[in-house]
Amino acid sequence: MTIDYQSLAVRGVQALSPYQPGKPIDELARELGLDPADIVKLASNENPLGPSEKALSAARDSLSELCLYPDGNGFDLKQALSTRLGVDASQITLGNGSNDVLEVITRCFADADAEVIFSQYAFAVYPLVTQAIGARGVSVPAVNWGHDLTAMADAITDRTRLIFVANPNNPTGTVHHAEAIETFLDRVPANVIVVLDEAYCEYLEGAAYPDGIELLKRYPNLIVCRTFSKAWGLAALRVGYSVSSPEIADVLNRVRQPFNVDTVALSAATAVLADEVYLQRSREVNEAGLRQLERAFDRLGLDYIPSVANFIAVDVGGNSEDVFQSLLAQGVIVRPVAGYGMPRHLRVSVGLPEQNERFVAALEQALSQVGYGG
Ligand SMILES: *Cc1c(COP(=O)(O)O)cnc(C)c1O
């Protein structure tokens, strides 16, 4: 008897498509027979500065402990975060990247009868984890590429258990100011959990933007998620965290894998929190890079979605797939976002000035080859 083993997977999983990551540099180098050093990857919102020296040195020092299980409670990292954020260590849940935390939250608070609300064009992981557990994802149409918080609040029903808000959002780079987020939170019933995903918050400066940690004091149904993958430059190590009430953290702690963050990651993340110079440079390089890309897009007559994060989505016209392929052939990797329902855009991460320049030159060349296509 032949069994279709795929049909044995639970229903939500059967209908799932895997997360599409940015193309790795080595893969493109193999395909094109290029030297990896000649390839520019601006596809995964990684920090172009390379890792912090403080993080590198801590990571190296931790290698002698590879034979031991990590500290399952992440004591040192939680202490460092607790000091930095002004919260109690009992409010912090560490994850294997914040993706891990997002998944654990979903498994803890939603089941097959639940509805989970997120925005159109929001981070792909929200629908993915929702569908994996068989819950119903409710995608609320965006306004100007950003979350329509009013419509998201209107979409709440008796079955709503969880709402994901990415602020800033990936892949659009849109952001809501503090007032809009607070007005939204005021409308959410206290028994509905709101996840405020602040993966890019370190790039935001100014009082106009909400500080999720501050909001926790007023909204006990809030969970704030952050990551070491972007501004802190540790994407390979997979470290993220949430901050919530201790009660919610206790629930998450029951479901997370006992050793979900490894020793090298814990050491590097703890060390990088002391590298204020690195963070400041990350911000400066990003700010300058955003302006550089905007100027180039203006010069080329291309529309883009104004972004406050470390990437920007640019409308390259009707032939975006061909533009993407032409960029690849020139050794420049960016991210197609057709899977997000944005078939005209490419998302480009902010690189170092010379990387941005390489991308812009390649884009100009691509557009002259394949045309804008209306
Ligand atoms: C990059 C990103 C994350 C974090 O991913 P990690 O798993 O921490 O690497 C979370 N949310 C959004 C919106 C992101 O863009």
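We count ligands from 1, going down the list as the structure has it; atoms in each ligand are counted the same way.
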More than 12 heavy atoms from other groups under 6.0 Å of CZ on Phe75:
no
Are more than 12 heavy atoms, taken from residues, nucleotides or ligands other than Gln20, located less than 6.0 Å from that residue's CD atom?
no
Quick one: which residue pairs count as a ring-ring contact (aromatic ring centres under 6.0 Å, His included) with a foot in residues 16-38, not counting sequence neighbours?
none
Flag the pair Arg291 and Glu287 as a salt bridge only when some basic side-chain nitrogen lies within less than 4.0 angstrom of an acidic carboxylate oxygen.
yes
Check Arg187 with Asp154, please: is the shortest side-chain N to carboxylate O separation under 4.0 Å?
yes
Closest heavy-atom contact between Tyr340 and Asn170?
CE2-O, 4.3 Å
Run through all N or O atoms in ligand 1 and write down each protein N or O closer than 3.5 Å, as a pair with its distance.
unit_1   : atom_1 : unit_2 : atom_2 : d
ligand 1 : 7 (O)  : Ser98  : N      : 3.1
ligand 1 : 7 (O)  : Asn99  : N      : 3.0
ligand 1 : 7 (O)  : Asn99  : ND2    : 2.9
ligand 1 : 7 (O)  : Arg238 : NH2    : 2.6
ligand 1 : 8 (O)  : Ser98  : N      : 2.7
ligand 1 : 8 (O)  : Ser98  : OG     : 2.9
ligand 1 : 8 (O)  : Thr227 : OG1    : 2.6
ligand 1 : 8 (O)  : Ser229 : OG     : 3.4
ligand 1 : 9 (O)  : Ser229 : OG     : 2.6
ligand 1 : 9 (O)  : Arg238 : NH1    : 2.8
ligand 1 : 9 (O)  : Arg238 : NH2    : 3.2
ligand 1 : 11 (N) : Asp197 : OD1    : 3.3
ligand 1 : 11 (N) : Asp197 : OD2    : 2.7
ligand 1 : 15 (O) : Asn170 : ND2    : 2.7
ligand 1 : 15 (O) : Tyr200 : OH     : 2.6
ligand 1 : 15 (O) : Lys230 : NZ     : 3.3

